[in-house]
Amino acid sequence: MSGQGKYRELWPEYYSQAQGVIFVIDAADKLRVAVAKNELELMFEDPGIRDRPIPILFFANKKDLPYALNESEIASEFELDNISDRNWHIAASNALSGDGITEGIDWLAKMLPKKTSK
């Protein structure tokens, strides 16, 4: 879902049924990184996320820009090493060129629970 403010209030409606989360970070905008960190903390407070060990894929978007934060810097800014109750992964990406998108989606697909056929 969109990160625009008017849509954020809709996020919790989907948490209880989510099997994974894709969290896109504008790695080239320090102010947005701070806002995104706050949104991530709010997401973790919701029981639909907090109480379920669903995997989280972080796309560090705009990796092509020279001043973009790298994966290590993103992990540090978001204190991701404190997340020990679920799998998470940072994929450096460029949404315009598609770089890093397949890698990230492949990781998330491997983390999702396997469906059993009936």
Side-chain angles (χ1 to χ4, degrees):
M1 281 188 289
S2 173
Q4 294 180 2
K6 65 183 177 181
Y7 298 113
R8 288 184 187 145
E9 65 189 41
L10 297 174
W11 292 1
E13 298 297 319
Y14 295 91
Y15 289 162
S16 65
Q17 295 183 36
Q19 295 180 21
V21 171
I22 297 175
F23 198 92
V24 181
I25 300 163
D26 183 341
D29 188 332
K30 283 278 201 178
L31 179 59
R32 284 188 170 197
V33 165
V35 171
K37 181 180 180 197
N38 185 6
E39 292 299 329
L40 181 66
E41 290 168 354
L42 290 172
M43 186 179 75
F44 277 127
E45 290 175 7
D46 189 283
I49 298 291
R50 180 190 65 222
D51 299 339
R52 300 172 48 239
I54 61 174
I56 302 180
L57 168 61
F58 296 92
F59 276 123
N61 195 33
K62 300 185 182 174
K63 73 172 193 164
D64 57 311
L65 299 179
Y67 48 87
L69 299 175
N70 63 34
E71 292 98 323
S72 175
E73 292 166 324
I74 292 286
S76 177
E77 288 284 333
F78 282 81
E79 301 176 23
L80 298 182
D81 289 330
N82 293 335
I83 300 174
S84 59
D85 63 341
R86 67 194 67 234
N87 291 313
W88 58 268
H89 177 72
I90 302 170
S93 63
N94 179 332
L96 295 177
S97 70
D99 289 346
I101 304 298
T102 300
E103 172 213 341
I105 296 298
D106 286 349
W107 175 86
L108 185 59
K110 290 176 188 169
M111 296 296 113
L112 295 178
K114 304 289 183 231
K115 289 196 175 208
T116 57
S117 42
K118 294 183 178 183

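As the structure is a prediction and not an experimental result, all values here were calculated from the model.
Hydrophobic cluster membership is shared by F58 and I49, with clusters built from Ile, Leu, Val, Met, Phe, Trp and Tyr side chains linked at under 4.5 angstrom. By the rule that hydrophobic residues join a cluster once side-chain heavy atoms approach within less than 4.5 Å of another member, F59 and M43 end up as members of separate clusters. In this structure, I83 is a member of the same hydrophobic cluster as I54, with clusters built from ILVMFWY side-chain heavy atoms closer than 4.5 Å. Taking hydrophobic clusters as Ile, Leu, Val, Met, Phe, Trp and Tyr residues chained together by side-chain heavy-atom distances below 4.5 Å, Y15 does not share a cluster with L42. Note: the hydrophobic cluster containing V24 also contains I105 (ILVMFWY, side chain heavy atoms under 4.5 Å, direct or indirect links).
Side-chain contact between I22 and L57 is present, with heavy atoms from C-beta onward closer than 4.5 Å. With contacts defined as side-chain heavy-atom distances shorter than 4.5 Å, the pair W88/F78 does not qualify. Side-chain contact between E103 and D106 is absent, with no heavy-atom pair separated by less than 4.5 Å. Counting heavy atoms from C-beta on, the side chains of N94 and L65 never come closer than 4.5 Å. Side-chain atoms of I101 and S93, non-hydrogen and from C-beta on, do get closer than 4.5 Å to each other.
In R52, the CZ atom is crowded: over 12 heavy atoms of neighbouring residues, nucleotides or ligands sit closer than 6.0 Å.
Note that OG of S72 is 8.5 Å distant from CG of D81, once rounded to the nearest 0.5 Å. Interatomic distance, E41 CD to E79 CD, rounded to the nearest 0.5 Å: 7.0 Å. To the nearest 0.5 Å, the span separating CG on L108 from CG on N87 amounts to 10.5 Å. From F23, atom CZ reaches atom CG of L80 across 9.5 Å, with rounding to the nearest 0.5 Å.
The backbone N or O of I74 lies less than 3.5 Å from no partner atom in the side chain of E77, so there is not a single donor-acceptor pair. Put simply, the side chain of R50 gets close to the backbone of E45: a donor and an acceptor are under 3.5 Å apart. Distance alone, capped at 3.5 Å, places no donor-acceptor pair between the W107 side chain and the H89 backbone.
When all heavy atoms of G104 and A91 are compared, the closest pair comes out as CA-CB, 3.9 Å. Shown here for K63 and A68, the closest heavy-atom pair between the two residues is CA-CB, 4.3 Å.
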